[in-house]
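To keep things clear, I will list the structure first and then write my remarks on it.
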There are 2 protein chains.
Amino acid sequence: MSSRTTESKATLHDVAARAGVSIATVSRALNGLPVSAKSMERVQKAAQEVGYVANLAARALRSERSHTMGLVFFDLHSTMGVELLDALSETIEDAGYSLLVSTARGDTRRFDRLLRRLLERRVDALFCVQARGQSEILARYHAAAIPVVAAITGAGAFSEMPLVSPSIGEAADTLALRLRELGHGVVGLVQRGASSTFLARIGRALAAHDIRVESLGCEDGGNMGELVRGPMARPDAPTALIALSADAQALLAACDARGMRVPDEVSIVGVGTGSGGLAGERVLSHLLVDPHRLGGAVGMAMLSWLAGAAPAKRVAVEIGTWVPRATTGRAPVA
Amino acid sequence: MSSRTTESKATLHDVAARAGVSIATVSRALNGLPVSAKSMERVQKAAQEVGYVANLAARALRSERSHTMGLVFFDLHSTMGVELLDALSETIEDAGYSLLVSTARGDTRRFDRLLRRLLERRVDALFCVQARGQSEILARYHAAAIPVVAAITGAGAFSEMPLVSPSIGEAADTLALRLRELGHGVVGLVQRGASSTFLARIGRALAAHDIRVESLGCEDGGNMGELVRGPMARPDAPTALIALSADAQALLAACDARGMRVPDEVSIVGVGTGSGGLAGERVLSHLLVDPHRLGGAVGMAMLSWLAGAAPAKRVAVEIGTWVPRATTGRAPVA
DNA sequence: CTGTTAGCGCATTCAC
DNA sequence: GTGAATGCGCTAACAG
């Protein structure tokens, strides 16, 4: 049976028969290679009628290019994981690639297995997010001339790969500069539990601008109310506080409850993506982090690489933006 | 040239030559089909030496099974997106499948293009998260006998597909029961900005247990301090408050700052995944939501389907757990 | 148990 | 421009 009208799987052969041309002409027409206008038209019509759907597996086998890229997370739950995925997938899909995604869930052995799998799938390129471990499979990728780029972070063997990582350096500098201009000489960095890279970077920017940094680490379970009653009540207390969004939020609530006016008595700055669904972020001054940019940059880096342009060993992508709002103002005069 | 030692791409043929057996025997050995112990050993050794890496594109072409599944998000940023991805990928990878992931970013036309692409990739199965739209491509999947399941939500043409969705019904009932037992007759549901499905479900559970539900909707930017000073100061105020984690957190801070004792004067319950990095969650009573379970269930449903067991039209996966901690106690006597 | 053989669907070379 | 023919790497009959 060779003339099925809408059977599940039609091949180039079926389309060719229907269009009255050769299978080669169909292939050319469907791939944009030069064919006569007449052939083109008949092929497209036939393909439509027969319900032709290209078989990318066959195409990959023949052309030695899978038009597929692999994305492996050492741990999906890491910061910026989703955003990176979102932006990266958009970027490469628009270029005609599909993305095979997988997570090692923090397991090094699993990570290796995944890399192996992607090698079998003949991915055209590989992204590793926060990769670590001594993966000797990396050598296979090298041998097969499959480009590999590390994103966010790359340790062990992966530190040899081109790395595209996020940075909030510029925004942090801007923030420090503004706070300085507003007269803030002492700024508190409120940290809760695990320390944040972002806050650390901001701390350095502040110091570079001659602002004294006071680290206000809450104990686990400690709450913002204590902070406002304790350290902030001292005469030489910071005139501005910087904290991750959720904490800044709580801080604002605590100040409000204690009758401490913001920003008249103290300025508050949140740090984060602003996607937490916290309505208060519209009012909170923010160092806004947009991880989406990172994904785009990572994808672009790979596409240029495939186009022949070898990437830099280290690329920093600025993902921060300073967004002043109502919670920051001039420092109160002592 | 047929004897390359570690050249980038060795084929079954190379391994066969090296092992001194036929290509078919190599295929069998590598796929776990019955071969003599001696053959098995020689093949494995040869494969190792030659650096053989299976070509899944060829395998797929020949066997008509790609061992690949597609996962399409209507919008990746939706609730539980990552968790679902994480758990789903683990489940199906352990079964030997790889996952092609993509996002429509809320664009219906893009969504259709993605489905088309996955059809070309000959995925063995398809997952659609929060799919909507009239996608007539769905018919192609049906015609090709490719199983499709909707996750979380499915509208339009996708409402015809088997749906696996999350539920916190049992946990909500448990919560309501406990609050009742503790003597809470009036409970406040604190909602900020967009309304939460979870809170709505909890509200119904409370009502079903004869608890009066008071909806305390904060305006955008309104903060918890006002809530504590206002509605909560009334004589017939709720004796317990339920809010999404971040809000509950702020609520706790506000109460603390206003000298309102928890849980003596008011009980507080957070609702959420507990993955926000908010240290206070260790102390806050929670209706813990674990979207991870959803992904596992979705993957399992598909695997059983492929194994022959048609899935139910609608499957609800309980993802809630009641975790009592220090912020809930007996209702104060008036 | 093993080897031989025949395609899977497609891109591409080489004649015309 | 077009068609016939070749083979990408592999699995699945089919004989031995």
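First the proteins, then the strands, lettered A, B, ... as listed; each starts at 1. Excluded from the calculations below are hydrogen atoms, water molecules and symmetry mates; all remaining heavy atoms, backbone and side chain alike, are included.
Judged by distance alone, the side chains of A:Arg121 and B:Thr68 do bring a donor and an acceptor atom under 3.5 Å apart.
Comparing B:Val21 and B:Glu64 by the nucleotide of DNA chain C whose heavy atom lies nearest to each, the residue mapping closer to the 5' end is B:Val21.
Closest of all the heavy-atom pairs between A:Ser135 and A:Asp112 is OG-OD1, 3.4 Å. Here the shortest heavy-atom pairing between B:Cys128 and B:Val148 reads SG-CG1, 4.3 Å. Between A:Ser66 and A:Val123, the closest heavy-atom pair is OG-CA, 3.7 Å. The minimum heavy-atom distance linking A:Ile152 with A:Pro166 is given by the pair CA-CD, 3.8 Å.
Proximity of residues 35-42 of chain B to DNA chain C (heavy atom under 4.0 angstrom from any strand atom) is restricted to B:Val35, B:Ser36, B:Ser39.
Between B:Lys45 and B:Glu49, at least one side-chain N (NZ, or NE/NH1/NH2) sits under 4.0 Å from a carboxylate O, which counts as a salt bridge.
In this structure, the CZ atom of B:Arg65 is 16 Å from the P atom of C:dG9, given to the nearest Å. Put simply, CG on B:Asp14 is 13 Å from C1' on D:dC10, counting in whole angstrom units.
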Please report, to 0.1 Å, the donor-acceptor pairs under 3.5 Å made by any side chain of residues 303-314 of chain B, with sequence neighbours excluded.
from	atom 1	to	atom 2	distance (Å)
B:Ser304	OG	B:Met300	O	2.6
B:Lys313	NZ	B:Glu160	O	2.4
B:Arg314	NH1	B:Met161	O	3.2
B:Arg314	NH2	B:Ser159	O	2.8

>> Could you walk me through whether B:Phe158 and B:Phe74 satisfy the ring-ring contact (aromatic ring centres under 6.0 Å, His included) test, starting with their C-alpha distance in whole Å, then the side-chain angles of each, then the deciding distance to 0.1 Å, before giving a yes or no?
In response: CA-CA 12 Å; B:Phe158 294 88; B:Phe74 189 75; 8.9 Å; no

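End-to-end axis angle of the helix from C:dC1-D:dG16 to C:dC16-D:dG1, using five pairs per end and rounding to 10°, comes to 30°.
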Protein-nucleotides 10-14 of chain C N/O pairs under 3.5 Å:
from	atom 1	to	atom 2	distance (Å)
C:dC10	OP1	A:Tyr52	OH	2.4
C:dC10	OP1	A:Asn55	N	3.3
C:dC10	OP2	A:Leu12	N	2.6
C:dA11	OP1	A:Asn31	ND2	3.2
C:dA11	OP1	A:Arg59	NH1	2.4
C:dA11	OP2	A:Ser27	OG	2.8
C:dA11	N3	A:Arg62	NH1	2.4
C:dT13	O4	A:Arg28	NH2	3.3

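Listed by chain and number, the residues in a side-chain contact (heavy atoms from CB on, under 4.5 Å) with A:Glu120 are A:Arg116, B:Val53, B:Ala54, B:Leu56 (sequence neighbours excluded).
For the salt bridge (Lys or Arg N to Asp or Glu O under 4.0 Å) condition, the pairs that include at least one residue of residues 101-110 of chain A, sequence neighbours left out, are A:Arg105-B:Asp86, A:Arg105-B:Glu90, A:Arg110-B:Glu93, A:Arg110-B:Asp94.
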